[in-house]
Amino acid sequence: MAAIFADIADLLEIKGENAFKVRAYRRAGESIGHLAEDVAQVMHEGRLTDISGVGEGIARRIQELLMTGRLAYLEELRAEFPEGVRRLLEVPGIGPKTAGRLSKELGIGSFDGLETAIADGRVAALPRLGAKTAERLLAAIQATKRRDRRAPIGLAWPVAQELLVMVRRLPGVKEVSTGGSIRRMRETVGDVDIIGSSEDIDATLDAFLRSPGVASVIQRDTRRACALIAGGLEVELRLCAPPDFGVFLQRHTGSKDHNALLDDRAGEQGLRLTEEGVLRLSDGMLERFSTEEDLYRRLGLAFIPSELREGQGEIEAAASGSLSSPVKLVDIKGNLHTHTTWSDGLDSIEAMARGCQARGYQYVAITDHSGGLGVAHGLSTARVREQVAEIREVDRRLDGIRVLSGIEVDIRADGSLDLPDDLLAELDIVVASVHSAMGQDEDRMTRRLLQAMANPNVDIVGHPTCRIVGGREPIRLDLAAVLRAAVTTKTALEINAAPSRLDLKDDLVRRAREMGVKIAINTDAHNLDQLDFMHFGVAVARRGWCGAPDVLNAWPLDEVLAFARKF
DNA sequence: GCCGTTTTCGGCCCGACTGTTTTCAGTCG
């Protein structure tokens with residue numbers, strides 16, 4: 001439904017409709033996409049217009065969609081343009097106006113059609129579109145065609161950390177931070193934004209563009225440099241004067257929605273936010289802020305952590321003082337999903353346990369695969385018992401960390417588990433996960449998960465939706481039913497911190513949390529290095545508004561074990 | 001099309017850049 005409203009917004013924009021009407025549809029779509037509950041439920045309870053950005057008109061559209069599965073309005077809009085116009089918007093340099101003219105005047109609705117029209121000169125002949133623009137568009141189409149999709153955070157984040165170190169050493173630099181979507185820890189990023197302050201902006205930008213990591217320069221402005229770095233990631237460095245860093249960083253962290261709402265709030269207070277500072281409309285004075293904390297305070301708000309800045313109620317919460325502190329990496333006391341050489345991991349039980357100890361954890365559960373997963377050398381009943389003996393032995397030998405016995409037991413296609421109940425009952429922690437028959441329909445898949453959760457030995461559902469970021473769609477689930485069952489059966493749902501999974505994803509985490517579901521943030525590490533994935537999972541939990549009390553492995557060990565016993 | 005302890009009508013973020021113009025429309029972030 002969110003995609004449908006985004007579709008409508010694009011088409012209205014191409015059509016040249018009132019820009020605010022366009023924005024209304026777009027905002028409504030985003031609200032629905034982030035909704036923490038089922039839209040149908042909201043409709044049945046007559047609360048559609050409670051959704052921010054949804055009024056009478058859009059509520060009617062939602063209703064039509066839910067009742068009939070279709071939307072006449074969208075179909076009419078689509079009929080006005082060649083199919084595929086929206087794709088033209090993906091080409092940098094083509095906005096709604098150009099897309100509208102290309103489709104209306106030349107009947108273009110595809111990249112290929114546009115390429116042909118550029119080649120035979122029809123594009124350059126349009127008023128206000130010269131030969132130079134046509135040439136630029138041709139290059140842009142070709143780039144778009146072979147463009148890699150957004151970079152996964154797992155790839156971009158380490159690069160950003162290296163860039164921060166590099167930029168910090170450049171001449172003139174005072175402060176440096178990531179900005180944009182990478183600072184908000186979205187699961188994918190379009191580019192890596194680095195935001196800094198410098199006493200000599202020109203010199204810093206020059207030095208940046210000359211540094212060895214920079215492969216080619218895309219653009220250089222007075223306060224901004226954009227470059228491709230080795231590996232193909234695009235990096236944008238933006239700089240301001242040191243006294244303005246707070247406002248500058250805030251502006252360039254976004255999100256767009258968050259900033260727009262913050263602008264509204266500033267407007268209500270007779271202020272206007274700019275890149276340089278806060279403009280008092282009463283006397284035209286500019287207030288400058290070197291820290292974000294001071295800026296938010298000036299607007300009467302508690303500080304809003306960057307991961308929460310998506311325009312999804314965080315400003316209201318910060319205003320009313322109800323924004324609770326999100327969980328931090330240092331709150332994490334253990335890791336409840338790890339693999340070793342006993343199944344498909346690369347390091348021993350002892351090595352993984354020591355690795356967790358080195359990361360400051362108080363406990364770790366060793367959870368290798370069960371037998372059904374042939375490819376992963378899953379453990380049979382006999383091998384589980386052998387492994388438990390070794391786990392107990394390592395636990396005795398190591399001081400300062402508790403090593404728990406566990407398993408990642410496979411949930412079979414029929415919902416039964418891959419190991420007998422009496423064996424599972426002997427283990428400290430049981431993670432149950434789906435690894436096969438992922439194409440099942442919603443009904444069957446939901447029953448499969450509910451059956452697994454109903455088993456009192458199951459403590460955590462691993463990677464609950466089985467999605468792969470940029471790779472595999474999530475399994476089909478009645479999520480509301482799964483969340484309800486998680487509460488009643490005292491089963492935690494996992495945030496799998498592996499950056500390729502990040503499953504549950506942020507908006508589902510928020511929904512789960514609101515229903516009182518406990519979350520376990522686990523690395524699912526298959527080697528020592530992957531133990532460092534934890535912070536990605538913590539970021540997802542923060543984006544899902546989880547505090548430490550919501551996170552099972554932020555609890556002391558005795559409470560975790562009590563939860564697992566389901567008292 | 002949405003929204004409201006300044007408003008139920010009149011607002012809704014904005015500055016920089018680019019190419020095509022000769023003062024500005026369109027795109028981008």
Side-chain angles (χ1 to χ4, degrees), chain A residues 5 8-32 48-62 73 77 88-102 123-137 140 179-184 189-195 218-226 234-238 240 247-248 250-279 281-282 300 311 316 319:
Chain A
F5 284 113
I8 292 176
D10 281 350
L11 289 169
L12 287 176
E13 203 169 20
I14 291 168
K15 194 177 168 184
E17 264 282 4
N18 179 312
F20 300 112
K21 183 169 168 178
V22 173
R23 211 171 84 165
Y25 273 101
R26 188 154 286 144
R27 237 171 73 74
E30 283 163 7
S31 281
I32 292 162
L48 280 178
T49 51
D50 288 356
I51 300 170
S52 112
V54 175
E56 294 300 322
I58 290 183
R60 268 198 305 278
R61 309 258 189 245
I62 296 175
Y73 185 53
L77 277 172
L88 296 180
L89 297 175
E90 291 171 29
V91 180
I94 296 185
K97 294 284 195 278
T98 312
R101 291 174 58 197
L102 290 172
V123 172
L126 289 175
R128 280 208 157 263
L129 290 176
K132 206 163 170 182
T133 303
E135 193 183 320
R136 192 168 46 89
L137 288 183
S181 51
I182 197 163
R183 179 157 182 248
R184 301 198 312 278
V189 302
D191 64 359
V192 176
D193 291 309
I194 305 288
I195 312 297
I218 297 172
Q219 202 173 20
R220 157 77 206 255
D221 303 325
T222 50
R223 313 214 284 177
R224 187 176 79 104
C226 192
E234 197 173 310
V235 178
E236 187 165 280
L237 174 63
R238 288 178 183 273
C240 67
V247 176
F248 196 71
Q250 196 291 320
R251 289 281 93 183
H252 293 297
T253 294
S255 64
K256 208 175 158 190
D257 290 342
H258 176 84
N259 282 3
L261 292 168
L262 206 62
D263 291 346
D264 291 347
R265 183 175 174 85
E268 286 162 15
Q269 301 176 10
L271 303 170
R272 200 168 86 207
L273 299 178
T274 72
E275 270 190 2
E276 285 79 29
V278 176
L279 192 66
L281 297 176
S282 56
E316 293 87 330

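Labels below follow one simple rule: chain letters A, B, ... track the order of the sequence lines, proteins then strands, and each chain is numbered from 1.
A:Arg101 contributes a side-chain N or O that, together with a main-chain N or O of A:Pro127, makes up a donor-acceptor pair within less than 3.5 Å. A side-chain donor-acceptor contact under 3.5 Å links A:Ser31 to the backbone of A:Ser52.
The separation of B:dT23 from B:dT18, taken at their C1' atoms, amounts to 14 Å, rounded to a whole angstrom. B:dG1 and B:dT5 are spaced 23 Å apart, taking the P atom of each and rounding to whole Å. Here, B:dC9 and B:dT22 have their C1' atoms 39 Å apart, quoted to the whole Å. B:dT8 sits 9 Å from B:dC3 when the C1' atoms are compared, rounded to a whole Å. A gap of 14 Å separates the P atoms of B:dT20 and B:dG26, to the nearest Å. Comparing B:dG11 with B:dT7, their C1' atoms are spaced 9 Å from each other, to the whole Å. Only the P atoms considered, B:dC2 is 23 Å distant from B:dT6, to the nearest whole Å.
Ranked by how close their nearest DNA chain B nucleotide is to the 5' end, A:Gly95 and A:Lys256 are led by A:Lys256. Nearest-nucleotide assignment on DNA chain B puts the 5′-proximal partner with A:Ala260, out of A:Ala134 and A:Ala260.
Counting to the nearest Å, the P atom of B:dG29 and the CG atom of A:Asp193 are 10 Å from each other. Computed from coordinates, the A:Arg23 CZ to B:dG10 P distance equals 19 Å when rounded to whole Å. As a whole-Å value, the separation of A:His258 NE2 from B:dC14 P is 17 Å. One interatomic measurement links the two molecules: CD of A:Glu236 to P of B:dG29, which rounds to 8 Å at whole-angstrom precision. A straight line from CD1 of A:Ile14 to P of B:dT27 spans 10 Å, rounded to a whole angstrom. The nearest whole Å value for the distance from the CZ atom in A:Phe20 to the C1' atom in B:dC3 is 13 Å. The interatomic distance linking A:Arg220 (CZ) with B:dA16 (P) rounds to 16 Å, in whole Å. The distance between atom CZ of A:Arg251 and atom P of B:dC13, rounded to the nearest whole Å, is 11 Å.
Checked against side chain to side chain contact (heavy atoms under 4.5 Å, CB included), A:Ala24 has no partners two or more places apart in sequence or in another chain. With sequence neighbours left out, A:Arg265 forms a salt bridge (Lys or Arg N to Asp or Glu O under 4.0 Å) with no residue at all. Listed by chain and number, the residues in a salt bridge (Lys or Arg N to Asp or Glu O under 4.0 Å) with A:Arg61 amount to none (sequence neighbours excluded). The salt bridge (Lys or Arg N to Asp or Glu O under 4.0 Å) search around A:Glu17 returns A:Lys21, not counting sequence neighbours. For the side chain to side chain donor-acceptor pair (under 3.5 Å) test, no residue two or more places apart in sequence or in another chain qualifies with A:Lys256.
Contacts of A:Arg223 with the nucleic acid, taken as non-hydrogen atoms under 4.0 Å apart, are absent. Residue A:Leu273 is classed as having no contact, given no heavy-atom separation below 4.0 Å to the nucleic acid. Within the nucleic acid shown, A:Val54 comes within 4.0 Å of sugar-phosphate atoms alone, with no base atom in reach, counting heavy atoms only. Residue-level contact check: A:Asp264 touches the backbone only, with heavy atoms under 4.0 Å from sugar-phosphate atoms and none from bases. Residue contacts shown for A:Pro127 are absent, as no nucleic acid heavy atom lies under 4.0 Å away. Within 4.0 Å of A:Ala131, counting heavy atoms only, lie sugar-phosphate atoms of the nucleic acid but no base atom. Contact annotation for A:Arg101: no contact, since no heavy-atom pair falls under 4.0 Å across all strands. At the heavy-atom level, A:Glu268 lies under 4.0 Å from base atoms of the strands shown. Residue A:Thr98 is in sugar-phosphate contact alone, with no base atom involved, counting any heavy-atom pair closer than 4.0 Å across all strands shown.
In this structure, the nucleotide among B:dG1, B:dC13, B:dC14 sitting nearest to the side chain of A:Arg272 is B:dC14. Which of B:dG29, B:dC13, B:dC2 sits closest to the side chain of A:Ala24 comes down to B:dC2.
Not one side-chain nitrogen or oxygen of A:Arg60 sits closer than 4.0 Å to the OP1 or OP2 atom of B:dG1.
With A:Glu236 as the fixed residue, the side chain to side chain contact (heavy atoms under 4.5 Å, CB included) test singles out one of A:Ile195, A:Ile194, A:Asp193: A:Asp193.
How far CG of A:Leu11 is from CD1 of A:Ile8: 8.0 Å, rounded to the nearest 0.5 Å.
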For nucleotides 17-19 of chain B, list the nitrogen or oxygen atoms of the protein found under 3.5 Å from its nitrogen or oxygen atoms, one pair per line.
unit_1, atom_1, unit_2, atom_2, d
B:dT18, OP1, A:Gln219, NE2, 3.4
B:dG19, O3', A:Thr133, OG1, 2.9
B:dG19, N2, A:Arg128, NH1, 3.1

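Across all strands shown, B:dT8 has no partner, as no Watson-Crick or G-U wobble contact with both distances under 3.5 Å is found.
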